[in-house]
Amino acid sequence: MNVRLLGLIELSDGGRVLPLPSARARALLASLAWQPRTVVTDAVLLERIWGSDLPDNPRDSLYTAAKRLRRGLEVAGYAHRLVRLRGGYLLDVNQAEVDVHRFRSQVVLARDAVRRGFLYEANEAFEPALSGWSGTALADVDSAWAARCRESLGRERLLVQLAAVEVKVRLGRHSEVVPELSELAAEHPLDEGVAALLMLALHRCGLRSAALGVYAEARRQLVGELGVEPGDALRRMQREVLGESGAAAVVAGGAVGGVARGAVGGVASGSGAVGGASGGDVAACADVRETASTRLRLAG
């Protein structure tokens, strides 16, 4: 059995989508799959599904949603997975059967590989983690709880996307990440971490002017929207692209192939400059993200 929360709510078995025509049944599935094998009380479920806009007979409405969810589970012989216990409900699935928990497990593996310096292994773990998304999380659940989850998961996804991009940059795959980073920069124009990584990738492709253009656009957005100048870390990335610091000026003339060929040696030796990307550059991007996150919180 598979429960999808990272997109439209879906219940499937062996590639077959099980019928869940009721929006409330899908919301109940999402609420229970969020905490698999845990009793979620009626009160919590009512808040997650209806929020403050409770129906006239809340318990009866919850019972009806549960009956419809059980009916969908029954198609594949899984009706027993929905359990009524101690004033609440439990969905008897393991974390590997719910996409959001698989995503987080893969991210743990990827980050552990990064800490150990195994960047190829990290890349292989990040890719299935991110490919499991099929749109906005909990997309068809209309409640305040779902909105909070969407916002939190959106931030979580972005951080993982940037971590995965950093790994690819360190492996010398600069040109590969430019389209993805360009999309992220358009979606998150105030995120200085995205801008910094895009600048770094462009610069390592030999596109110095384009990298400086990203800085100029990021500055325009920050000044126009928040009334602040770019943080120290993003300005430091600009100086590195300009050549005022030697840290970023490793690739000359867009010699991406040469950098990629150096990746194996960098990993094998355990050096900080894997794939031609200096540890200082990638650390600078991390500094930008931390600084930008603080600045956005203060501005809000």
Side-chain angles (χ1 to χ4, degrees), residues 114 119 123 126 158-263 265-267 271-296 299:
V114 170
L119 298 186
N123 183 63
F126 274 131
L158 177 60
L159 290 174
V160 173
Q161 286 174 306
L162 294 181
V165 165
E166 284 184 10
V167 167
K168 288 180 180 178
V169 169
R170 293 175 66 185
L171 288 172
R173 296 165 63 175
H174 321 115
S175 58
E176 180 181 328
V177 302
V178 168
E180 179 182 359
L181 282 171
S182 297
E183 289 183 12
L184 289 175
E187 292 171 10
H188 306 278
L190 300 178
D191 193 305
E192 295 178 58
V194 175
L197 272 174
L198 180 53
M199 289 176 67
L200 176 60
L202 288 168
H203 182 59
R204 294 199 174 284
C205 290
L207 302 173
R208 181 171 175 269
S209 296
L212 294 174
V214 170
Y215 177 85
E217 176 60 17
R219 180 182 180 278
R220 187 185 71 80
Q221 293 281 355
L222 289 165
V223 172
E225 295 294 326
L226 302 180
V228 297
E229 290 287 339
D232 290 342
L234 188 55
R235 291 201 303 271
R236 186 161 59 250
M237 183 63 69
Q238 181 207 28
R239 290 195 299 271
E240 290 173 351
V241 172
L242 286 168
E244 296 174 15
S245 165
V250 177
V251 183
V256 179
V259 175
R261 286 192 294 274
V267 173
S271 70
V274 182
S278 77
D281 286 342
V282 177
C285 293
D287 289 344
V288 171
R289 286 205 309 278
E290 183 176 353
T291 303
S293 178
T294 302
R295 283 151 57 82
L296 284 170

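Quick note: residue numbers are just sequence positions, from 1.
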Working to the nearest 0.5 angstrom, can you tell me the gap between [X] [atom1] and [Y] [atom2]?
| X | Y | atom1 | atom2 | answer |
| --- | --- | --- | --- | --- |
| Arg204 | Leu202 | CZ | CG | 12.0 Å |
| Leu242 | His203 | CG | NE2 | 9.0 Å |
| Arg235 | Tyr215 | CZ | OH | 6.0 Å |
| Asn123 | Glu166 | CG | CD | 13.0 Å |

Over all heavy atoms of both residues, which pair between [X] and [Y] is shortest? Give the atoms and the distance, please.
| X | Y | result |
| --- | --- | --- |
| Ala195 | Val214 | O-CG1, 3.7 Å |
| Val177 | Ala201 | CG2-CB, 3.8 Å |
| Val241 | Ala211 | CG1-CB, 4.0 Å |

- Identify which one of Val165, Val169, Leu171 satisfies the side chain to side chain contact (heavy atoms under 4.5 Å, CB included) criterion when paired with Val167. Leu171
- Query: Any side-chain heavy atom of Leu119 within less than 4.5 Å of one from Lys168?
  - Reply: no
- Indicate yes or no: at least one non-hydrogen side-chain atom of Leu158 is less than 4.5 angstrom from one of Val194. yes
- Within residues 212-228 or reaching into it, pairs that qualify as salt bridge (Lys or Arg N to Asp or Glu O under 4.0 Å) - sequence neighbours excluded: Glu217-Arg220, Arg219-Glu229
Distance-only donor-acceptor pairs under 3.5 Å for side chains of residues 181-188, two or more places apart:
| from | atom 1 | to | atom 2 | distance (Å) |
| --- | --- | --- | --- | --- |
| Ser182 | OG | Val178 | O | 2.8 |

